[in-house]
Amino acid sequence: MLRSLYSGISGLRVHQTMMDVTGNNIANVNTTGFKGSQTVFQDTLSQMMQAAGAPQTGTPGAGGTNPAQVGLGVRLAGVQTNFGQGAAQTTGRNLDLMVQGDGFFAVQKGNEQLYTRSGAFNFDANGAMVTTDGNFVLGWNAATGNVPVPPTGAPEPIMLPGDVESFTISPDGSMVGVLADGTKRTFAQVSMANFVNPGGLEKAGGSTYRSTVNSGDATIGTAGTGGMGALQTGALEMSNVDLGQEFTNLIIAQRGFQANTKVISTSDELLNDLVNLKR
């Protein structure tokens, strides 16, 4: 069989994956906190037709020769996530938070700790701060008085005390409540997480990520410290998908797919001519 036939098939596969990734990016162009992805291609093994030859010294001498290799197609090297900053969408809700810079919100889903850039939060009937999916938002609570600076202990689900009538959220995630007598106290602080290699995070659905062996363990801290960005209240981070780039990628993927179908059809015609040698 012709090597070009299998090379063309491998080209179809990877360009189909490129279409899938591009289509998902476009579908999530208005998803809060979504980070776009891109495909990276890589050539596969090359078959050695002739090895390299070393130059020969002496009289008469001979020059060296380069290796002759034929490639065997293309493969998908990886799908990389772009964690660049998305645009801000002003909402005016004091429970809508946006991370300006690096870092993630830490949330709890069952017994698993996940991470998200989507800061659309609410309080449930029990006073727990939750995401739109009902995951608990993690931070530090103070039953009485104020949360210590810096906060101590492991983050836990943030709870709204019954004596707090209204509250505001500071850029460092401090939740300052106003009591019935007009006094104020910092009853909670939102925790933030960061990673040595955010690109190693695994998408877990619902605009959340989970840590992997290549992302490193989460570094937990507060907004504005340890390389983590500050929080902006009353705004949400929109998707960082560039529609112009994605439509260009659609054209590239389509043309690449078409070109590889031509390789397959041409290889088939050559095989047909070879079979027809014997009539």
Side-chain angles (χ1 to χ4, degrees), residues 1-31 33-54 64-84 86 114 117 195-216 239-279:
M1 282 294 196
L2 297 177
R3 285 182 290 261
S4 58
L5 191 63
Y6 293 101
S7 294
I9 292 173
S10 68
L12 293 182
R13 291 196 185 106
V14 295
H15 282 90
Q16 178 61 64
T17 302
M18 183 178 180
M19 281 289 296
D20 295 339
V21 172
T22 304
N24 183 65
N25 288 342
I26 294 175
N28 285 280
V29 68
N30 288 316
T31 300
F34 179 79
K35 302 301 179 183
S37 301
Q38 63 182 19
T39 52
V40 180
F41 295 167
Q42 189 177 78
D43 67 335
T44 57
L45 294 174
S46 295
Q47 184 174 359
M48 182 70 70
M49 307 299 293
Q50 177 181 314
T65 58
N66 294 327
Q69 295 177 277
V70 177
L72 301 177
V74 63
R75 71 183 184 91
L76 182 70
V79 180
Q80 297 181 337
T81 303
N82 173 19
F83 281 98
L114 301 174
R117 293 280 297 191
F195 298 86
V196 174
N197 176 31
L201 292 172
E202 175 187 335
K203 292 184 178 182
S207 296
T208 60
Y209 301 86
R210 63 168 56 95
S211 60
T212 67
V213 293
N214 200 41
S215 67
S239 168
N240 68 349
V241 171
D242 182 349
L243 272 182
Q245 181 62 56
E246 297 305 324
F247 285 136
T248 302
N249 290 341
L250 279 181
I251 297 173
I252 294 172
Q254 181 183 13
R255 294 308 182 192
F257 193 93
Q258 290 176 337
N260 281 278
T261 60
K262 293 297 184 183
V263 171
I264 294 174
S265 61
T266 303
S267 299
D268 177 60
E269 291 174 4
L270 292 176
L271 288 172
N272 184 62
D273 292 340
L274 180 61
V275 171
N276 288 336
L277 284 177
K278 179 65 173 71
R279 295 184 178 177

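Note that this is a predicted model, so its numbers are computed, not measured.
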[X] side-chain N/O to [Y] backbone N/O, donor-acceptor pair under 3.5 Å:
X    : Y    : result
N197 : N214 : yes
S265 : K262 : yes
N28  : G36  : no
S10  : S7   : yes
T44  : L72  : yes
N240 : G84  : yes

Got a second to check how far [X]'s [atom1] is from [Y]'s [atom2], nearest 0.5 Å?
X    : Y    : atom1 : atom2 : value
N249 : T39  : CG    : OG1   : 7.0 Å
T266 : L271 : OG1   : CG    : 11.0 Å
N25  : D20  : CG    : CG    : 11.0 Å
K203 : L114 : NZ    : CG    : 14.5 Å
M19  : N24  : CE    : CG    : 12.5 Å
N272 : L277 : CG    : CG    : 10.0 Å

Can you name the closest pair of heavy atoms from L76 and V14 and give their distance?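 Taking every non-hydrogen atom into account, N-CG1, 3.6 Å.
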Between G205 and T208, which heavy-atom pair has the shortest distance, and what is it?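 Result for this residue pair: O-OG1, 2.5 Å.
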Taking C-beta and beyond as the side chain, do L5 and I264 meet within less than 4.5 Å on heavy atoms?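 Answer yes - side chains close enough.
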Salt bridge (charged side-chain N to carboxylate O under 4.0 Å, His left out) with R210: which residues, sequence neighbours excluded?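 Result, salt bridge (charged side-chain N to carboxylate O under 4.0 Å, His left out) vs R210: E112, E202.
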Contact list for residues 64-83, test side-chain hydrogen bond (donor to acceptor under 3.5 Å, both in side chains), sequence neighbours left out: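 Only Q42-R75 qualify under side-chain hydrogen bond (donor to acceptor under 3.5 Å, both in side chains).
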Under the side chain to side chain contact (heavy atoms under 4.5 Å, CB included) test, which residues partner S215, sequence neighbours left out?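 Only F195, L201, S211, T212 meet the side chain to side chain contact (heavy atoms under 4.5 Å, CB included) criterion with S215.
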Can you list everything that forms a ring pair (Phe, Tyr, Trp, His ring centres under 6.0 Å) with F41? Sequence neighbours excluded, please.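 Residues passing ring pair (Phe, Tyr, Trp, His ring centres under 6.0 Å) with F41: H15.
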Does F83 have any ring pair (Phe, Tyr, Trp, His ring centres under 6.0 Å) partners at least two apart in sequence or in another chain, and if so, which?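 Result, ring pair (Phe, Tyr, Trp, His ring centres under 6.0 Å) vs F83: F104, Y209.
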Any chance you could lay out the side chain to side chain contact (heavy atoms under 4.5 Å, CB included) test for L250 and Q254, step after step, and finish with the verdict? CA-CA 6 Å; L250 279 181; Q254 181 183 13; over 6 Å; no
By the ring-ring contact (aromatic ring centres under 6.0 Å, His included) test, which pairs, at least two apart or in different chains, include something from residues 242-276?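 Listed by first then second residue: nothing to list.
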Check the pair T22 / I252 against side chain to side chain contact (heavy atoms under 4.5 Å, CB included), numbers first and verdict last. CA-CA 11 Å; T22 304; I252 294 172; over 6 Å; no
If you apply the rule side chain to side chain contact (heavy atoms under 4.5 Å, CB included), what do you find for V74 with N260, and how did you get there? CA-CA 11 Å; V74 63; N260 281 278; 5.9 Å; no
I would like to know whether S239 and N30 meet side chain to side chain contact (heavy atoms under 4.5 Å, CB included); could you show each step before the answer? CA-CA 6 Å; S239 168; N30 288 316; over 6 Å; no
side-chain hydrogen bond (donor to acceptor under 3.5 Å, both in side chains) for Q16 and R13? Distances and angles first, verdict last. CA-CA 5 Å; Q16 178 61 64; R13 291 196 185 106; over 6 Å; no
